[in-house]
Amino acid sequence: MSVVTRFAPSPTGFLHIGGARTALFNWLYARHCGGRFLLRIEDTDRARSTDEAKAAILDGLAWLGLDWDGDVVYQSERAAIHAAAAQALLDKGLAYRCYASPDELTAMREEARSAGRARLYDGRWRDRDPSEAPAGVDPVIRLKAPLEGETVIADAVQGEVRVANDQLDDMVLLRADGSPTYMLSVVVDDHDMGVTQIIRGDDHLTNSFRQTLLYRALGWESPKFAHIPLIHGPDGAKMSKRHGALGVEAYRDMGFLPEAVRNYLLRLGWSHGDEEVISTEQAIEWFDLDAIGRSPSRFDMAKLSNLNGHYIREAEDARLVEAVAPFLAALGVEAGAVCRARLEAGMAGLKERAKTLIELAESAAFYCRARPLPLSDKAASLLDGEAPAILAGCLGHLEAVGDWSAEPLEAAVRAFAAAGDLKLGKVAQPLRAALTGSNASPGIFEVMAVLGRDESLARIADHAG
RNA sequence: GACCCCAUCGUCUAGCCAGGUCCAGGACGUCACCCUUUCAAGGUGAAGACACGGGUUCAAAUCCCGUUGGGGUCACCA
């Protein structure tokens, strides 16, 4: 049987990092198996679902490069089908109407809690005759769950997990207003969509027992489960917005490349020996459920950054010029034609030094700024003292260079330094400050070559005295 | 509180299922050195872990039990 996986987010917020990993694992597993990866939007909570959130999720998946098969399924559109399933259960005597009031439920729950019982609903309408129904009360429909025995799920990650059925009470299938609950909707949808393998967060593990009961009542074969451990914040506690529980678009805005995020997320909870840098093609070939770890992991921005630096260095220069443009714009630098040409020429030296596109933009901006260049504090101090005189002297040597490329330029500056008995750094650092406005940059001979003769000489002259 | 899950360097992890080849390997981070016109990148090296306690065994990071710690779930939310 062909594998079918799905990602089923509820559109109540952005695609956060944990959801992104869940989607990635589902996508990888489907691609690995040559199966299908489906997308279902669980928008049955009308009050909390928004179109913005839905768009954010779709955008996030697209940015990560996770494409789904077929049309997006909207759970809200299937309410009638869900209700029909509940009705079928009712007809077969596998579900029943419950007229308990909210107050009764609260009281029951409190009593069960204080008595240390797990079953919160006591099943008071389970075997009651319908004729006893109070007038004017719309009932909910509950599943008639088994009272004894145990429910076992064979989880691909967690192994065999079992729970006694007396821990599970009769869950609500249909609300008083006739709308289906999550538990019913998920089971019916997964079944109808032909899902064979559910891969989702560990927080759903206990739901699986109830869902298994539902599958059984409906007479359907249960899909396989794989509950992946959750991602925690750096402090081991739940992810908060301060450290990682952001939407994937936040990572995009922080200057991370999608392949870096993908690679990082992949290695969080999954491994293939000592492999660290894994291409998506390789991941599809290697990915399997049995290599998913069982323990939760912590989100580590430093490792993501390191990986991002790797992928930036590996990226095509032209792509980076495109990608860095919005970040330059955020710095108030417009990437015009001259700028782009310089960036492309200088990208090899630039990308070595950046861990994010923001850093790349910051270090690339000098190529695009017009004179006079803004100077950092450190650059300003490099231009103090005897620096103007040195620059003035160097300028003469530079003007004589015919072939304006890195090697002859280096030769000229070295010759100038040697003639004046100066260490190379004595000349190079002021040059760097004058050319880039900074004390840190790509090699200055490369910078001069990229900037071109006129611009380079002008920038140096600005500070020569 | 009840139920369920988890437990190797600071972090991600390999090893565990099929005990010996592990005084535990890799990566990130940290530190040092090298390279060097700066900053990176790169290279070399260092510090750094089997949560604890019992058992089983000739032998345990690996199997079993307990403890402790962490996490998850307990809605007419999803």
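Numbered from 1 within each chain, the chains take letters A, B, ... in sequence-line order.
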Legend entry - Identity of whatever pairs with C35(B) - Watson-Crick or G-U, under 3.5 angstrom: none
Legend entry - G15(B) to U62(B) separation - C1' atoms, rounded to the nearest Å: 8 Å
Inset, instruction - Identify whether any heavy atom of Arg414(A) sits under 4.0 Å from a base atom; if not, whether one sits that close to sugar-phosphate; answer base, sugar-phosphate or nothing. - result: sugar-phosphate
Inset, instruction - Using the C1' atom on both, measure C16(B) against U73(B) and round to a whole Å. - result: 28 Å
Legend entry - Counter-base of G1(B), judged by Watson-Crick or G-U geometry with both distances under 3.5 Å: C74(B)
Legend entry - Selected nucleotide, minimal atom distance to Leu268(A) side chain, candidates C28(B), U38(B), C12(B): C12(B)
Inset, instruction - For Asn207(A), report the nucleic acid contact type (base, sugar-phosphate, nothing); a contact means any heavy atom under 4.0 Å. - result: base
Legend entry - Phosphate contact (A41(B) OP1 or OP2) by Lys355(A) side-chain N/O below 4.0 Å: yes
Legend entry - Proximal nucleotide (of C28(B), U37(B), A78(B)) relative to the Tyr182(A) side chain: A78(B)
Legend entry - Heavy atoms from other residues, nucleotides or ligands near CZ of Arg294(A) exceed 12 (cutoff 6.0 Å): no
Legend entry - Interatomic distance where CG belongs to Asn308(A) and P belongs to C12(B) [whole Å]: 20 Å
Legend entry - From C76(B), A14(B), C3(B), nucleotide with atom closest to Ala176(A) side chain: C76(B)
Inset, instruction - Would you indicate which nucleotide in U37(B), A41(B), A78(B) comes nearest to any side-chain atom of Glu352(A)? - result: A41(B)
Legend entry - Spacing of Leu360(A) atom CG relative to C39(B) atom C1', expressed in whole Å: 14 Å
Legend entry - Spacing of the C1' atoms in A61(B) and C9(B) (rounded, Å): 13 Å
Inset, instruction - Provide the distance between the two P atoms, one in A49(B) and one in A24(B), to the nearest whole Å. - result: 9 Å
Inset, instruction - Check whether any side-chain nitrogen or oxygen of Asn306(A) sits under 4.0 Å from OP1 or OP2 of G29(B), and answer yes or no. - result: yes
Inset, instruction - Just call it for Arg142(A): base, sugar-phosphate, or nothing, with non-hydrogen atoms closer than 4.0 Å on any strand. - result: sugar-phosphate
Legend entry - Check: Phe7(A) ring centre within less than 6.0 Å of Trp68(A) ring centre: no
Inset, instruction - To the nearest 0.5 Å, tell me how far Leu257(A) CG sits from Glu314(A) CD. - result: 10.0 Å
Legend entry - From OG (Ser10(A)) to OH (Tyr182(A)), nearest 0.5 Å: 8.5 Å
Inset, instruction - Name the closest nucleotide to the Val161(A) side chain, picking from U37(B), C5(B), C3(B). - result: C5(B)
Inset, instruction - Please assess Phe209(A) against Leu214(A) for the test side-chain contact (heavy atoms from CB on, under 4.5 Å), listing each intermediate value before the final yes or no. - result: CA-CA 9 Å; Phe209(A) 296 108; Leu214(A) 240 186; over 6 Å; no
Legend entry - Sequence neighbours excluded, every pair satisfying salt bridge (charged side-chain N to carboxylate O under 4.0 Å, His left out) that has a member inside residues 404-422 of chain A: Glu410(A)-Arg414(A)
Inset, instruction - Starting at atom CZ of Arg267(A), determine the distance to atom C1' of A27(B), rounded to an integer number of angstrom. - result: 7 Å
Legend entry - Residue of the set Asp189(A), Asp192(A), Thr44(A) for which side chain to side chain donor-acceptor pair (under 3.5 Å) holds with His82(A): Asp189(A)
Inset, instruction - Have a look at Ala100(A) and say if it touches a base, only the backbone sugar-phosphate, or nothing, with a 4.0 Å heavy-atom cut-off. - result: base
Inset, instruction - Specify whether Phe299(A) and Tyr264(A) have parallel, tilted or perpendicular ring planes, treating 30° as the upper limit for parallel and 60° as the lower limit for perpendicular. - result: perpendicular
Legend entry - Comparing Ser271(A) and Leu205(A) on RNA chain B - which has the more 5′ nearest nucleotide: Leu205(A)
Inset, instruction - Go through A78(B), C3(B), C76(B) for me and flag the one nearest to the Gln75(A) side chain. - result: A78(B)
Inset, instruction - Counting heavy atoms from C-beta on, name the nucleotide in U37(B), C6(B), C76(B) closest to the side chain of Arg294(A). - result: C6(B)
Legend entry - Sugar-phosphate only, base, or nothing, as touched by Ser49(A) at under 4.0 Å among non-hydrogen atoms: nothing
Inset, instruction - Return the nucleotide paired to A7(B): Watson-Crick means purine N1 to pyrimidine N3 with N6-O4 or O6-N4, wobble means G-U with N1-O2 and O6-N3, both under 3.5 Å. - result: U68(B)
Inset, instruction - Searching all strands shown, indicate the nucleotide that pairs with A18(B) (Watson-Crick or G-U wobble; both distances under 3.5 Å). - result: none
Inset, instruction - Let me know the distance between CD1 of Ile231(A) and P of U13(B), rounded to the nearest Å. - result: 9 Å
Inset, instruction - Just call it for Val140(A): base, sugar-phosphate, or nothing, with non-hydrogen atoms closer than 4.0 Å on any strand. - result: base
Inset, instruction - Identify, between Ala164(A) and Leu174(A), the residue whose nearest nucleotide on RNA chain B lies closer to the 5' end. - result: Ala164(A)
Legend entry - Leu105(A), nearest nucleotide to its side chain (from C5(B), C76(B), A41(B)): C76(B)
Inset, instruction - Please report, rounded to the nearest Å, how far the P atom of C12(B) is from the CZ atom of Arg298(A). - result: 6 Å
Legend entry - Complement of A49(B), any strand, by Watson-Crick or G-U distances under 3.5 angstrom: none
Legend entry - Nucleotide G71(B), atom C1' - distance to CD1 of Ile228(A) in whole Å: 15 Å
Legend entry - Whole-Å gap separating C1' (A7(B)) and CD (Gln158(A)): 13 Å
Inset, instruction - Indicate, with a heavy-atom threshold strictly under 4.0 Å, whether His227(A) touches base, sugar-phosphate, or nothing. - result: nothing
Legend entry - Cation-aromatic face contact Arg142(A)/Tyr96(A), 6.0 Å, 45 degrees: no
Inset, instruction - Assign Glu42(A) to base, sugar-phosphate, or nothing according to its heavy-atom contacts below 4.0 angstrom with the strands shown. - result: sugar-phosphate
Inset, instruction - Considering only atom C1', compute the distance from U8(B) to C50(B) and round it to an integer number of Å. - result: 4 Å
Inset, instruction - For nucleotides G26(B) and A46(B), find the distance between their P atoms and express it as a whole number of Å. - result: 10 Å
Inset, instruction - Indicate whether OP1 or OP2 belonging to U38(B) is found under 4.0 Å from a side-chain N or O atom of Ser441(A). - result: no
Inset, instruction - Determine the interatomic distance between C1' on C22(B) and the same-named atom on U44(B); round to the nearest Å. - result: 24 Å
Legend entry - N/O (side chain, Arg109(A)) to phosphate O (OP1/OP2, A75(B)) under 4.0 Å: yes
Inset, instruction - Could you work out which one of G42(B), C5(B), U37(B) sits closest to the side chain of Phe445(A)? - result: U37(B)
Inset, instruction - Using a 4.0 Å heavy-atom cut-off across all strands, classify Asp203(A) as base, sugar-phosphate, or nothing. - result: sugar-phosphate
Inset, instruction - Take atom P in U37(B) and the same atom in G45(B), then report the distance between them in whole Å. - result: 25 Å
Legend entry - Gap between atoms CG and C1', on Asp170(A) and A75(B) respectively (whole Å): 15 Å
Legend entry - Ala440(A) side-chain proximity, nearest of C12(B), A78(B), C39(B): C39(B)
Inset, instruction - Kindly compute the distance separating CG (Asp377(A)) from CG (Asn439(A)), expressed to the nearest 0.5 Å. - result: 10.0 Å
Inset, instruction - Would you please confirm or rule out a distance under 4.0 Å between OP1 or OP2 of G42(B) and any side-chain N or O of Arg313(A)? - result: yes
Legend entry - Base of G72(B) paired with side chain of Asp202(A) (donor-acceptor, under 3.5 Å): no
